[in-house]
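See structure below.
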Amino acid sequence: MYYLETSACFDSAHFLYGYNGKCANIHGHHWVVEVKISGGELQGSGEKRGMLLDFGDFKRAVKELAEGFDHKLIYEKHTLKPTTIAALKEEGFLLVETDFRPTAENFAARIYADLCSKGLPVSCVKVYESPENCAVYGE
């Protein structure tokens, strides 16, 4: 089995609606996303012969996902009042509304699914919300 790994990062704010702790308040993280892909066969011909996947293509796909969250406030749908969202947008803040609670666990699962939908043979995704804490989805 062959494995390739790459990573990307993004800085963003989020909060956990309904949580009774510090994370209920808006706060930020330097998120690090690590992705591992796997496959048993290398490409047998063409310019990518001898490769599982071109590292450039792999890194680009992961980086594009991370950039979609970078320097934005990430919030779960229906957790902010429409007037709050309108006011933040009017002030020029960049927002990302998700259909999931923005936890490291859910980010890992969403990124896994998004990369699989692009045809990547994803084995696992790790999402670090701090240097010591990460969530893993896959394998």
Side-chain angles (χ1 to χ4, degrees):
M1 186 68 64
Y2 297 96
Y3 297 95
L4 298 181
E5 296 182 28
T6 194
S7 64
C9 59
F10 61 95
D11 297 297
S12 68
H14 76 140
F15 67 99
L16 302 179
Y17 179 80
Y19 180 75
N20 293 317
K22 290 187 334 185
C23 293
N25 198 21
I26 294 173
H27 62 285
H29 292 286
H30 176 73
W31 303 86
V32 176
V33 178
E34 295 179 351
V35 180
K36 181 194 282 188
I37 62 172
S38 63
E41 298 289 326
L42 301 180
Q43 296 183 43
S45 62
E47 68 175 4
K48 297 179 184 176
R49 182 171 53 88
M51 298 179 185
L52 179 61
L53 182 72
D54 184 302
F55 266 112
D57 296 338
F58 180 28
K59 182 136 185 90
R60 189 171 17 266
V62 175
K63 187 176 180 183
E64 284 175 6
L65 286 176
E67 286 176 347
F69 296 115
D70 194 38
H71 285 81
K72 296 178 180 151
L73 170 58
I74 302 164
Y75 68 97
E76 184 180 9
K77 190 178 206 171
H78 305 301
T79 60
L80 290 175
K81 295 176 184 174
T83 53
T84 302
I85 294 167
L88 289 168
K89 286 182 178 178
E90 185 178 326
E91 292 293 335
F93 288 98
L94 301 175
L95 310 175
V96 174
E97 181 182 83
T98 64
D99 60 356
F100 60 89
R101 195 175 199 197
T103 63
E105 296 89 337
N106 284 330
F107 274 120
R110 174 53 59 92
I111 291 167
Y112 182 100
D114 287 350
L115 291 172
C116 285
S117 74
K118 294 176 184 268
L120 274 71
V122 182
S123 293
C124 71
V125 173
K126 288 183 181 180
V127 175
Y128 287 83
E129 67 173 30
S130 73
E132 301 85 24
N133 301 316
C134 77
V136 181
Y137 185 85
E139 289 192 331

Taking E76's backbone N and O only, do any of them form a donor-acceptor pair with R101's side chain (distance below 3.5 Å, no angle check)? no
Closest non-hydrogen atom pair between A66 and F10, with its separation: O-CB, 3.5 Å
Shortest non-hydrogen pair, V62 vs A8, comes out as CG1-CB, 3.8 Å
Below 4.5 Å, heavy atoms only, C-beta onward: do V33 and L65 meet side chain to side chain? no
Over all atoms of both residues, closest heavy-atom pair of R110 and D99: NH2-OD1, 2.6 Å
Is a side-chain N or O of D11 found less than 3.5 angstrom from the main chain of D70, in a donor-acceptor match? no
Distance in Å, E47 CD paired with D54 CG, rounded so as to fall on 0.5 Å steps: 7.5 Å
Rounded distance [0.5 Å steps], NE2 in H14 versus CG in N106: 11.0 Å
Which atom pair, heavy atoms only, marks the closest approach of R49 to G44? CD-O, 3.2 Å
Could you pull out the closest heavy-atom pair between P102 and I74, with the gap in Å? CB-CG2, 3.9 Å
Rounded to the nearest 0.5 Å, what separation is found between the CG atom of L4 and the CZ atom of F55? 4.0 Å
Donor-acceptor contact below 3.5 Å, side chain K72 vs main chain A13: no
Flag the pair D57 and K118 as a salt bridge only when some basic side-chain nitrogen lies within less than 4.0 angstrom of an acidic carboxylate oxygen. no
Y75 and I26: CA distance, side-chain angles, deciding distance, side chain to side chain contact (heavy atoms under 4.5 Å, CB included) verdict: CA-CA 9 Å; Y75 68 97; I26 294 173; over 6 Å; no
Let me see the working for F58 and I37 under side chain to side chain contact (heavy atoms under 4.5 Å, CB included), right down to the final yes or no. CA-CA 9 Å; F58 180 28; I37 62 172; 3.6 Å; yes
Name the one of Y137, F100, Y128 that satisfies ring pair (Phe, Tyr, Trp, His ring centres under 6.0 Å) with F107? F100
Just checking N133: does its CG atom have more than 12 heavy atoms from other residues, nucleotides or ligands closer to it than 6.0 angstrom? yes
Determine whether L95 and K89 satisfy the following criterion, side chain to side chain contact (heavy atoms under 4.5 Å, CB included), listing intermediate values before the conclusion. CA-CA 8 Å; L95 310 175; K89 286 182 178 178; 3.7 Å; yes
L42 vs Y2 side-chain heavy atoms within contact, under 4.5 Å: yes
If you look at every heavy atom in E5 and K36, which pair is closest and at what distance? OE2-CE, 3.3 Å
